[in-house]
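Okay, structure first, notes after.
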Amino acid sequence: MGLGIDVRNRIAKRAAEEIKNGMVVNLGIGIPSLVPNHLPDDINVMFHAENGITGMGPSPKKGEEDENLCNAGGFPVTVVSGASYCDSAISFGMIRRGRVDMTILGSLEVSENGDLANWIVPGKKVPGMGGAMELAQKAKKVIVLMNHVDKQGKPKIVKECSLPLTSARCVDLIITEMGVFEVTNNGLHLKEIFPPYSFEEIKTNTGCDFHW
Amino acid sequence: MGLGIDVRNRIAKRAAEEIKNGMVVNLGIGIPSLVPNHLPDDINVMFHAENGITGMGPSPKKGEEDENLCNAGGFPVTVVSGASYCDSAISFGMIRRGRVDMTILGSLEVSENGDLANWIVPGKKVPGMGGAMELAQKAKKVIVLMNHVDKQGKPKIVKECSLPLTSARCVDLIITEMGVFEVTNNGLHLKEIFPPYSFEEIKTNTGCDFHW
Amino acid sequence: MENAFNKIITIEQAMENFHDGMTIIFGGFGGIGSPPTIIDGLLEKGVKELTLIGNDTGFPHIGIGKIVSEGRAVKIIASHIGSNPVAGQLMTDGKLEVEFSPQGILAERIRAGGVGLGAILSDIGMDNEMVAGGKQRMLVEGKEYLVETALTGDVSIIFAKKADPYGNLIYDKSARNTNPLVAMAGNITIAEVEEIVSLGNLKPDEITTPGVFVDYIVPSKGVNWTWAWE
Amino acid sequence: MENAFNKIITIEQAMENFHDGMTIIFGGFGGIGSPPTIIDGLLEKGVKELTLIGNDTGFPHIGIGKIVSEGRAVKIIASHIGSNPVAGQLMTDGKLEVEFSPQGILAERIRAGGVGLGAILSDIGMDNEMVAGGKQRMLVEGKEYLVETALTGDVSIIFAKKADPYGNLIYDKSARNTNPLVAMAGNITIAEVEEIVSLGNLKPDEITTPGVFVDYIVPSKGVNWTWAWE
């Protein structure tokens, strides 16, 4: 996505700070998959995969993959002590019942009121929503990790999304390489600026007003 | 019920003849519970209990009861080889999906077109329907075992049920101490007469017309 | 036993989650699989004006029947009350409101609440006033159905054989019955368990209720009623 | 192996249940937990104009993707097709009709068909034309929902770790995914299994899919595709 691994890890590390003891957390692909590497050892967190795993662990070593133990993206994982398997209906039951405390995912755009657009590029890519709508709509906290701007340098944090929405008014927190925004009833609040970026740079590269 | 154990066993034995190899069968309380005693050894049948057992076996010996292994009536049972447990939702899923081949149950009244009234006596007993409606409506074959007449000597096989229906047009076969009736689109057919009863006795004690 | 998730609590602590007028969903079928220690705790605490949701009213002195018989409930949603004559008497006397739901549909309504659905569409008992009375109907692909609303409650109380400290549960034989469904339906779920084992002691494949749904685990003091068949 | 219930059959016998134009519901998630031997049998038999129902279209050469890539399906109901670009191309070319359903709602629709319900009421994607377009809406207790119809099919094809001769099934880890739901939804259910064990060999408590739902059992020849991560 144009971000070096160091920057991606910084974003992931900041996201990891949002995770509290005992939480159930669903991670999307991309930067979110780096989050577990940044968790302190004394935190008990259960990672949830919507195909039916609670308690995902790190990736297996090469050659130790189990074809019957994969995450929702189809890639091999392991499980931790206390893990369980369930069918997909129950897995999404956890999400809709509000038992998944947090989902950390990537996005194409986020609007100032927390609209999420991360699933479709009309005329280009229509992959289907998978489990994204349910996660966005029903996870107790939705955190978006993404580049601050797209490949053309255009802001991805915008007044109104130009792409079709995955879910409206669902995002709680946005973490980019430049900083951290909270979505509130009064719009966006810039909470943190990451060095070496300046307030002015953030302002220039953000497509909507925000408080600070 | 006013019927001696010999007569009850004869009814149960006749019902057992309806059970074919490989069937899934749900048994009500009373005479139906005697049916398994009359099955030939070479028949593979799975008895279903709506609280979540497939593959119920005979009652345990006195002192060997397991409080966590009971039928839908709350009484201890055993299981056979190949049995499984499931939750109540899946157990009724089997019924509604048409996977239960037969239910054998008692009744207060049955009408000539197969209406079943076996769950309520207004002003007297309102126990609730339990699982009776689903079984009556969705089991592939519904067999009623009952006395031919009630305690006052009045016919229980009638033109129209006087009691509230459990389910309309659901009964396929009625077996009493006097004989066997099949419910067809043309009304009741008397298929068998049990000694020592006569055709005339059956006619006198049946509250509707029937073919033979 | 390690308690890394702070889910293992005493029955006294569990009782802090209950108060008058609340809705309790209970696991069990004819008393089997109902949590005896929690039920006794509720009786002792004296909570009243409860709305209860569960398969049946047990027997007068078995399972949830004990709470019903003591007049602690003002309403129950169940599939039958026949095995508890006290419940029938209270209903007749106008002291207990009873909403009857066909057994499997009741199970699905509790499950629907547990998995965050609004309702299910059922064709059971459509012509029956006691089932269909007052319910919305809907035509789907040419066939008519009843709209059976999802059920949730303030607290779910369930009974399991084993739990680990995360609240992963396995059940014993037919005592499973409605428990895995009820486990999902409460805003708070309290599991009474016969045995607590270490994390990692339950095989991930054999867990019936993932601990995600379980807030608290209470060790059982065992069944303290005499079964109807004894 | 004893075959007292006549459920254990060969892949050739299993193929007699399939024909052009039918609806097949398949288990699996990204190919994992999809039945490789049955999928190959379908390819070889050459059935076409199929309607497929399942979580996703796998990868081009993995899982149900093989059937989709060969152009054997005219319609699929799935939650995403992103991992199979061939499916996307067929859709763009108007050769494959795709009905998208949110993943968990799709799972519930298949389950609803499997347990004999008519539909479920969901609040997922209500403002989204691709989800909500053409669907009925219903107000329940003051909240609006979409009516998501139940899904059934002519045949369900699933993949399990172990079966006994009655068709009782246990699954392996995350290869369980949609299989227990799909197992109930077909008018006929065919389970491909890695191992067949004697009756009584599976503990009644650990069985995930009761054999009641399984019509036929086919021994698996094993996964014959290369996984995307290899």
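Keep in mind it's a predicted model, so treat the numbers as computed, not measured. Here is how names work: the chains are called A, B, and so on, in the same order as the sequence lines, proteins then strands, and each is numbered from 1.
- Only the side chain of C:I105 comes within contact range of chain D, judged by heavy atoms closer than 4.5 Å.
- Using a 4.5 Å cut-off between heavy atoms, D:E148 makes no contact with chain C at all.
- Applying the 6.0 Å contact sphere to NZ of D:K95 captures no more than 12 heavy atoms from other residues, nucleotides or ligands.
- The candidate from D:R176, D:K173, D:E206, D:E108 with the greatest count of non-hydrogen atom pairs under 4.5 Å with chain C is D:E108.
- Within the 4.5 Å cutoff, the side chain of C:Y166 has heavy atoms near those of the C:K7 side chain.
- Only the side chain of C:V147 has a heavy atom closer than 4.5 Å to any heavy atom of chain D.
- Enclosure of atom OH in D:Y216 is not indicated, since only 12 or fewer non-hydrogen atoms of other residues, nucleotides or ligands lie within 6.0 angstrom.
- Under 4.0 Å is where a charged nitrogen must lie from a carboxylate oxygen, and between D:R137 and D:E144 at least one such pair does.
- Chosen from D:I170, D:I120, D:D205, the residue pairing most often with chain C at heavy-atom distances under 4.5 Å is D:D205.
- Within a 6.0 Å radius of NZ in D:K48, no more than 12 heavy atoms belonging to other residues, nucleotides or ligands are found.
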